[in-house]
There are 2 protein chains.
Amino acid sequence: MATIKEVSLLARVSPATVSRVLNGTTPVASATRVRVLEAVEALQYKPNAFARGLATNRSGGIGVTVNAVSSPFFGAFVAGVEQVLRPAGIHLMLSSGFADLANERESIEFLLERRCDGLIVQAERLDDGFLVDLVRGPTPVVIFGRRIAEIADACVVTDNELGGRLATAHLLDHGHRRIGHVTGPLAFPDARARLHGYRRALEGAGVAYDERYVVESTFDEEGGAQAAVRLLERAPELTALFLSNDQMAAGAMRALRERAIEIPTDLSIVGYDDVFLARYLTPALTTIRQPLVDMGRTAAHLLLGRLGHIGEEVVHRFDPELVERQTVARVAA
Amino acid sequence: MATIKEVSLLARVSPATVSRVLNGTTPVASATRVRVLEAVEALQYKPNAFARGLATNRSGGIGVTVNAVSSPFFGAFVAGVEQVLRPAGIHLMLSSGFADLANERESIEFLLERRCDGLIVQAERLDDGFLVDLVRGPTPVVIFGRRIAEIADACVVTDNELGGRLATAHLLDHGHRRIGHVTGPLAFPDARARLHGYRRALEGAGVAYDERYVVESTFDEEGGAQAAVRLLERAPELTALFLSNDQMAAGAMRALRERAIEIPTDLSIVGYDDVFLARYLTPALTTIRQPLVDMGRTAAHLLLGRLGHIGEEVVHRFDPELVERQTVARVAA
DNA sequence: TTGTAGGCGTTATCAC
DNA sequence: GTGATAACGCCTACAA
């Protein structure tokens, strides 16, 4: 692969001049400029990013770690990030953490070693302390999906408690009083916040919080299916279920259908996330939407600001909103 | 950030020795080795990937471009790639092409500039010539999802014609004779191949191919919905529809339900891809599955082979298979 | 406007 | 087993 020196030879100028033409750092006489460009074209010259990075100490790319690039949930977020970074001429280096501590750490180190100019991090397992250190380190970092008090202005989050309240309030509004809740693993702050919102909404409406109506499970279909069944066996008087994400809701719907429980006639259901599949379920799932694309855009803007680009004013906390579809019915009188 | 020199100073050895310890290239006395490791730890030293890349001319990562990282379809593929590359200590640099010519080209150039050790490319718009040149260039490249004769052994594909035949044969087996087909944009070889398979299956069963039963559309829900409606207006005698992908099928199902057409009673439907959502549709969609994860794994193995790792024998062309669910009924007598 | 020269942090090739 | 030293390809003062 051609080097800047070969180009300079062919164009009969110094390497420095080639560099100047390519980077536009200093004016260059248009005649020489043309010669250089021609030589570049002729040699199919592409600057060596290593050498450039070594010289400038910048990579021209920013790193993004999310739990799983392949998940539709994070996909939407990444799409938002890409929307604003592309036009700014910044490229993305993606890396999946797969909800594994070692993986998450490695991913970040990998990106850091490549001297990413900045980092957008969504991590499930890494502890707050690690992230605080990261944010306070030399590389600009934005955290997605987790609010850490010490570094709140580097975090982009939605208000999960509000989301839990919205979901529950929606059911209360439809006359439900015996509302079950399937939480995600309570090790996750998101799951805890949603549970908390559920509880607050209940108590705000004068409905006593009942432990028997709550069960913890995993954030997947199987988790939703099993928990829903268990909950209904334990408390058949339930008229509605709020599940901590859409996959769980999908699993619950399947399991309940197999048991001839009609939705929403016999039981109302609300999910969380408004994942792609929510609208395809039958009946279509009423759920809580997080503005993921917007959040991605915001995270990118925030990072851009930290990178010294002219910043925009930026919202750090987004409000989730209810998406009403077909899984909630007014409770039978 | 600490450099190798600082480490060498602290450990009271030469930079060369530090390098040796870290890379295990040459035996080092265990006493010095320990001193080095301690210094590395103390200084939190991380090798600078730029400098290393410059010296070795390798990046330790391979590049992947797909149409959209965020799509579940490509997500599965990328997951497969990651499964085999991770254990090999190779990292991924992802970049989305977004079915845009300039973007696709830029993505590849970006990855090439970073001196990726290898490339896995899925491209919608780039022409064959470009890809042939790319594969014949200095960097090892594997092409996913397109078979180009001149470089067939660098391509990992499924047999789309076979897929088209399978889908159509399944409908024929259920007694259908008047089968419509909604193709994707015929500019895409995949769409053409599926159409071709459809036609061959028909003719193989002694059913004349009828142009009126075929309509071209876009690879999304709207495309599927509109095309299905148009097709049925034009040819209400149709008893079955084969759509060129699942999104289209989903759109068609929605549109038809709105028109009170019962599936599969009134009309049978087969999709293509077995995307995540296929099983969530109601009724669940009968479709053609491509073994995406396996294909990702294969692409990675293939690339590893080209990178000089011990290669495995590798299949280049995968057979799609029918996934029977609930959208196909035996035709009414 | 252009050229020269030094340095960025590693690895690799020699010697010792 | 270890230490100098010369690349690797680019950028950026500084000079001219």
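These numbers come from a predicted model, not from an experiment. Here is the naming used below: chain letters follow the sequence lines, and residue numbers restart at 1 for every chain.
Note: CG (Leu9(A)) to C1' (dG3(C)) measures 14 Å, nearest angstrom. For the pair Arg114(B) CZ and dC10(D) P, the interatomic distance rounds to 13 Å; values are reported in whole Å. Remark: C1' of dC8(D) and CD of Glu6(A) are 13 Å apart, rounded to the nearest angstrom.
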TODO: Heavy atoms under 4.0 Å is the rule here; annotate nucleotides 7-16 of chain C 5' to 3' with B where the base is hit, S where only the sugar-phosphate is, and - elsewhere.
DONE: -BBBSBB---
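Side-chain atoms of Leu92(B) and Glu82(B), non-hydrogen and from C-beta on, do get closer than 4.5 Å to each other. Looking only at side-chain heavy atoms (C-beta outward), Arg136(B) and Glu150(B) come within less than 4.5 Å of each other. Within the 4.5 Å cutoff, the side chain of Met295(B) has heavy atoms near those of the Thr158(B) side chain.
Classified by interplanar angle (parallel below 30°, tilted 30° to 60°, perpendicular above 60°), the ring pair Phe219(A)/Phe188(A) is parallel.
Contact check, Thr17(B) against dG3(D): a side-chain N or O comes under 4.0 Å of OP1 or OP2. One finds a side-chain N or O of Thr32(B) lying less than 4.0 angstrom from the OP1 or OP2 phosphate oxygen of dT2(D).
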- [ ] Walk me through it: do Phe50(A) and Arg115(B) pass the test side chain to side chain contact (heavy atoms under 4.5 Å, CB included)?
- [x] CA-CA 8 Å; Phe50(A) 293 140; Arg115(B) 298 296 186 274; 3.4 Å; yes
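Around NZ of Lys5(B), the count of heavy atoms belonging to other residues, nucleotides or ligands within 6.0 Å does not exceed 12.
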